[in-house]
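Just so it is clear, the structure is predicted and the values come from calculations on it, not from any experiment.
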Amino acid sequence: MEFNKQEIIERLKFFRTRAGLSQRELSGRLGLGNSYINSIESGKTALRIDALDEICKVLGISIFDFFYLGEIYNEDQKQIIDDLFKLKSEEQALITNMIKSLKDKKK
């Protein structure tokens, strides 16, 4: 699968906003200038693979997720994943336990 520059920019924006980070906050967490992410998202700066690796680490995703997460889930599943990331860790644990319980009932 090939990705053009705009698709990569849109994926970066999606995962950044899903993580609840502004461009400035993400740049800061990367230890880079305040406008670094803005310059990438505006198309002024190309996204280097080493920078993408660091960005993915900060966002809590793998590079694989960055490129393929949207390709393997339907819209409802993506919404569930998005909602799950917005929950506190205790709430995520409750959801995980509920899913495990449902799977156990099917056995």
Side-chain angles (χ1 to χ4, degrees):
M1 173 172 282
E2 293 183 29
F3 296 93
N4 66 40
K5 184 177 182 178
Q6 190 58 39
E7 289 170 322
I8 291 172
I9 290 169
E10 291 304 316
R11 286 174 186 270
L12 175 57
K13 288 179 185 178
F14 169 78
F15 286 110
R16 176 182 56 76
T17 56
R18 184 176 84 171
L21 296 173
S22 69
Q23 293 175 341
R24 183 178 293 258
E25 289 169 325
L26 180 54
S27 293
R29 289 192 186 184
L30 293 167
L32 300 168
N34 288 336
S35 63
Y36 179 70
I37 297 298
N38 177 271
S39 67
I40 292 171
E41 289 185 2
S42 65
K44 295 175 187 170
T45 300
L47 179 58
R48 298 182 332 265
I49 191 68
D50 59 327
L52 177 59
D53 184 50
E54 291 302 313
I55 289 168
C56 287
K57 287 176 186 173
V58 170
L59 297 176
I61 61 171
S62 69
I63 290 179
F64 178 86
D65 292 337
F66 183 86
F67 287 106
Y68 296 103
L69 186 63
E71 307 302 321
I72 58 176
Y73 297 107
N74 66 37
E75 290 303 313
D76 289 336
Q77 291 167 325
K78 285 191 271 187
Q79 185 61 52
I80 290 169
I81 292 167
D82 189 42
D83 291 343
L84 185 61
F85 274 97
K86 293 176 184 174
L87 297 174
K88 296 176 185 174
S89 59
E90 311 86 52
E91 295 167 328
Q92 289 178 3
L94 287 171
I95 298 295
T96 300
N97 289 334
M98 288 172 52
I99 292 169
K100 286 178 184 176
S101 176
L102 289 169
K103 286 172 55 178
D104 290 343
K105 286 182 180 180
K106 288 187 174 186
K107 289 181 180 178

message: To the nearest 0.5 Å, what is the distance between NZ on Lys86 and CZ on Arg18?
response: 9.5 Å

query: In chain order, what residues pass the side chain to side chain donor-acceptor pair (under 3.5 Å) check against Asp104, with sequence neighbours excluded?
result: none

- prompt: Under a 4.5 Å side-chain heavy-atom rule over Ile, Leu, Val, Met, Phe, Trp and Tyr, are Ile49 and Ile55 clustered together?
  reply: yes

field: Trace of the side chain to side chain contact (heavy atoms under 4.5 Å, CB included) decision for Leu26 with Glu41
entry: CA-CA 12 Å; Leu26 180 54; Glu41 289 185 2; 5.7 Å; no

message: Check for me, please, whether Leu59 and Leu84 land in the same ILVMFWY cluster - side-chain distances under 4.5 Å, paths through other members count.
response: no

- request: Ignoring hydrogens and angles, tell me if any N or O in the side chain of Glu7 forms a donor-acceptor pair with the backbone of Asn4 under 3.5 Å.
  value: yes

field: Contacts of Ser22 that satisfy side-chain contact (heavy atoms from CB on, under 4.5 Å) - sequence neighbours left out
entry: Arg24, Glu25

- prompt: Among the clusters formed by ILVMFWY side chains lying less than 4.5 Å apart, do Ile9 and Leu21 turn up in the same one?
  reply: no

task: Give the minimum heavy-atom separation between Cys56 and Ser62, together with the two atoms involved.
output: SG-O, 3.9 Å

- prompt: Under 3.5 Å, side chain of Gln92 to main-chain N/O of Leu87, donor-acceptor pair present?
  reply: yes

task: Indicate if Phe64 and Phe15 have the same hydrophobic cluster label, given that clusters are the connected sets of ILVMFWY residues with side-chain heavy-atom separations under 4.5 angstrom.
output: yes

message: Taking Ile37's backbone N and O only, do any of them form a donor-acceptor pair with Ser27's side chain (distance below 3.5 Å, no angle check)?
response: yes

Side chain to side chain contact (heavy atoms under 4.5 Å, CB included) between Lys57 and Asp53, worked out: CA-CA 6 Å; Lys57 287 176 186 173; Asp53 184 50; 3.4 Å; yes

query: Hey, what do you get for OG1 (Thr96) to CD1 (Ile99), rounding to the nearest 0.5 Å?
result: 6.0 Å

field: Atom pair NZ (Lys5) and CD1 (Ile40), whose distance is rounded to the nearest 0.5 Å
entry: 10.0 Å

field: Distance, nearest 0.5 Å, that separates CG of Leu12 from OG1 of Thr17
entry: 9.0 Å

task: Is it possible for you to say whether Tyr68 and Ile61 belong to one hydrophobic cluster, with membership spreading through side-chain heavy-atom contacts below 4.5 Å?
output: yes

query: Does CZ in Arg29 sit with more than 12 non-hydrogen atoms of other residues, nucleotides or ligands closer than 6.0 Å?
result: no

- request: Give, for atom CD1 of Ile8 and atom CZ of Phe66, the distance between the pair rounded to the nearest 0.5 Å.
  value: 6.5 Å

